[in-house]
Amino acid sequence: MDSPADADAVRVDTEALGRQLLGTWAEARLASRKLAGRPEMQRIEGQSKEEHRERVFGQLKLLVEDGQVLRAFPSAQGGKDDHGGNIAGFEELVSADPSLQIKSGVQWGLFAAAILHLGTEYHHEAFLPGAMNLDVPGAFAMTEIGHGSDVASVATTATYDEATQEFVINTPFRAAWKEFLGNAAVHGTAATVFAQLITKGVNHGVHALYVPIRDESGEFLPGVGGEDDGLKGGLNGIDNGRLHFSDVRVPRVNLLNRYGDVAEDGTYSSPIASPGRRFFTMLGTLVQGRVSLDGAATAASAMGLAIAITYGSQRRQFTAGSDTDEEVILDYQRHQRRLLPLLATTYAATFAHDEFLVKFDSVFSGKADSDADREDLETLAAALKPLSTWHALDTLQEAREACGGAGFMASNRLVGLRADLDVFVTFEGDNNVLLQLVAKRLLTDYSKKFAKADPAALARLVASQAADRAYHGSGLRSLAQTVADFGSTARSVDHLRDENSQRELLTDRVETMIAGVAGALREARHMSKADAAAAFNAQQNELIEAARAHGELLQWEAFTRALSTWDESTDPGTTQVLTWLRDLFGLGLIEKHAAWYLINGRLSPQRAQSLTAYIDRLLTRIRPHAVDLVDAFGYGPEHLRAPIASGIEQERQDEARAYYAEQRSSGTAPLDEKVLAKQAAKAAKAAAAASAPSKKQQGKPSAKPSRPTATAAAK
């Protein structure tokens, strides 16, 4: 299908596609969207910080009444042990108000989840019911102002006192204060506090304790202090604050002791002998925060694009191809370049998130709960959450700009959504730090391949790498591509749109980057600690880029697997459009990193040039289906709540066009000065041509000119 007319003939089954986009837990998502569509659950623009906080807190109570937010908890406490459905439902609350989604995540996804996953039966019976039914609003006191993403180095201490069988909690200096905690400023009456556990003079690393922080009147308990974080750049429906502790005592049994316990005499024990592995196991149980951020960010991207593409398909500007009708702005190539690649990425992120959620559910339900499964889940979370949250900010900003001044109006949601999601990129782990975790895993997996290799095998590896560098670096591969394509752009395009070719290019970039870093760090293990750290630091940017490329590959593969579920024989239209969209995503990644592919000899200049040309053709093909593709996300007017996406712009444009058409047909339209000027110029040219002597006359001798009169001279 090479022409726009061919693309117009294709039809998308929006209903079927919408069902696929809902993913594995479609019913949970639909139930949550129904709840989010209720006016009492939605944000009121322009409220003060205090009003917004109280509204969101009241909405939490409505969530308890609805019961959906309790899916993940044990049936003994009134839950359904449905971990995947629980997260799917949480994510959809972003359409009501991101503050509601995050505050509910603080209460049930962090505070209550810490009790559930780090505590034992005693804690489930003693503390979990109050956390679930909101009798005890809670804070998740992990982050410190001096140690954000470096949780292992938090400075808060919990020292065991054998005489009283209590833990004594202290924040010994200002940098140890717990910071940015939801529910800490106003509503929280207890907190799960993460601290260095010290008993018998030995520090056993970070553990969590259940700590009451306020009394029934809302006053801090003795030894507990705190401050309000005040107005933030977004999410002002959440009462973020800071907490500090001075000799605060809690009973020994308040230690959430699933992975580490202290006996009455102060003896420490743990089912996990390795302190490092114990720490990462404890933190791994709380991965659901990253899972939900990935899904909520993707949902926000979908809403932003639904608003911007709907508006762009109706808004008209400039009479580029007509004397009377203005053009729909989504028909402009630049507008398509701004929005349609973001749409393709959002589809890829949606499909990748559903697979991520399935993995999460299998681990937390116990279906696949080995150490390897948990490590895979952690790596997946660290790879996808950065990509989706960065993408959400880019998408909402571009959507805002693409809607012009209308996009800047708070009533159209885009600026508010972007402000609220801004913190997602540093929330639950700074994105760059998370990608370092992914890179280290990739390096570890790479090194494991050769850990037991004999010298001959290693020699062959070195030789093959040298040959690989010689082949790619010398331009031989580029030359081979040029020869294979015979100078034909069509042959270049055929190669690039091939699924296996895209996979090879995307995979090759990840593997080559990791191999390069591994080679650069090969001798680091023989260096001093300082020199090894310096060597690693010198490769940090390359490592993060490799991890990001790995995450992009995961998204492309998820999109490709989702595409494979469509049957071309029964639904050729949807299959074709999704193929174009997948190609736009994959080829867009290759275009974005074209410099790398050219420098490293993976693409010939001709293929790189044809890449951009083919992407422009894909945009033209996808354009007729853009509205169907955003409609398939399934967000109705009650979720978008943006006047410019409600059809009002179409009404305005239709009214304007009808007005001018009636004027033209009735002859009452005022004359355009520019048209008059053109008519006058045309008439003057015609008069000049008529008065000019003919060629026949030009050959005859002219008569003797008469003396001009004064009147003629004046003329």
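The figures here come from the full heavy-atom set of this structure, side chains too, leaving out hydrogens, waters and symmetry mates.
Asn240 contributes no side-chain N or O that, together with a main-chain N or O of Asp229, makes up a donor-acceptor pair within less than 3.5 Å. A donor-acceptor pair under 3.5 Å is absent between the side-chain atoms of Asp420 and the main chain of Pro98, judged by distance alone. Put simply, the side chain of Ser313 gets close to the backbone of Thr310: a donor and an acceptor are under 3.5 Å apart.
Looking at Glu545 and Trp596, their side chains never bring a donor and an acceptor atom within 3.5 Å of each other. Between the side chains of Thr574 and Asp13, no donor-acceptor pair of N or O atoms lies under 3.5 Å. Remark: the Asp373 side chain and the Ser362 side chain contain no N/O donor-acceptor pair separated by less than 3.5 Å. No hydrogens or angles considered: nothing links the side chains of Glu45 and His52 as a donor-acceptor pair under 3.5 Å.
Rounded to the nearest 0.5 Å, atoms CH2 (Trp25) and CG (Asp361) are 4.0 Å apart. Here Leu330 contributes atom CG and His335 contributes atom NE2; the two are 6.0 Å apart, rounded to the nearest 0.5 Å. Atom CG of residue Leu343 and atom OG1 of residue Thr395 lie 9.5 Å apart, to the nearest 0.5 angstrom. Put simply, CG on Leu35 and CG on Asp66 are 4.5 Å apart, with the number rounded to the nearest 0.5 Å. Interatomic distance, CG of Leu611 versus OH of Tyr597, reported as 10.0 Å (0.5 Å rounding).
Using a 4.0 Å cut-off between a side-chain N of Lys or Arg and a carboxylate O of Asp or Glu, Glu499 and Arg503 qualify as a salt bridge. Contact check on Arg53 versus Asp228 returns a salt bridge, with a Lys/Arg side-chain nitrogen under 4.0 Å from an Asp/Glu carboxylate oxygen. The residues Asp583 and Arg621 are annotated as not salt-bridged, no charged nitrogen and carboxylate oxygen being separated by less than 4.0 angstrom. Under the 4.0 Å criterion applied to side-chain N and carboxylate O atoms, Glu65 and Arg38 are not assigned as salt-bridge partners.
Relative to the ring axis of Tyr635, Arg33 places its NZ or CZ within 45° and under 6.0 Å from the centre.
Here Phe633 and Tyr347 bring their ring centres to under 6.0 angstrom of each other.
The two atoms that bring Arg55 and Met41 nearest to each other are NH2-N, 4.4 Å, heavy atoms only. Nearest approach of Lys232 to Ile238, heavy atoms of both residues: NZ-O, 3.0 Å. Of all heavy-atom pairs spanning Ala31 and Gln68, the tightest one is CB-OE1, 3.3 Å. Of all heavy-atom pairs between Ala399 and Gly304, the closest is CB-O, 3.8 Å.
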How far apart are the C-alpha atoms of Arg561 and Glu355, what are their side-chain angles, what is the distance that settles it, and do they pass the salt bridge (charged side-chain N to carboxylate O under 4.0 Å, His left out) test? CA-CA 10 Å; Arg561 282 189 289 271; Glu355 293 187 354; 2.7 Å; yes
Assess the residue pair Arg418 and Asp422 against the criterion (salt bridge (charged side-chain N to carboxylate O under 4.0 Å, His left out)); give the C-alpha distance rounded to whole Å, side-chain angles, the decisive distance to 0.1 Å, and a yes or no. CA-CA 6 Å; Arg418 194 197 182 285; Asp422 200 331; 3.5 Å; yes
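When each of Leu578, Leu22, Val577, Asp631 is tested with Leu17 by the rule side-chain contact (heavy atoms from CB on, under 4.5 Å), just one qualifies, namely Leu578.
By the 4.5 Å heavy-atom criterion applied to side chains, Asn183 and Asp239 are counted as neighbours. Contact of the Arg441 side chain with the Glu378 side chain is not registered, since no non-hydrogen atoms from C-beta on lie closer than 4.5 Å.
Ring geometry for Phe364 versus His83: interplanar angle of 30 to 60°, hence tilted.
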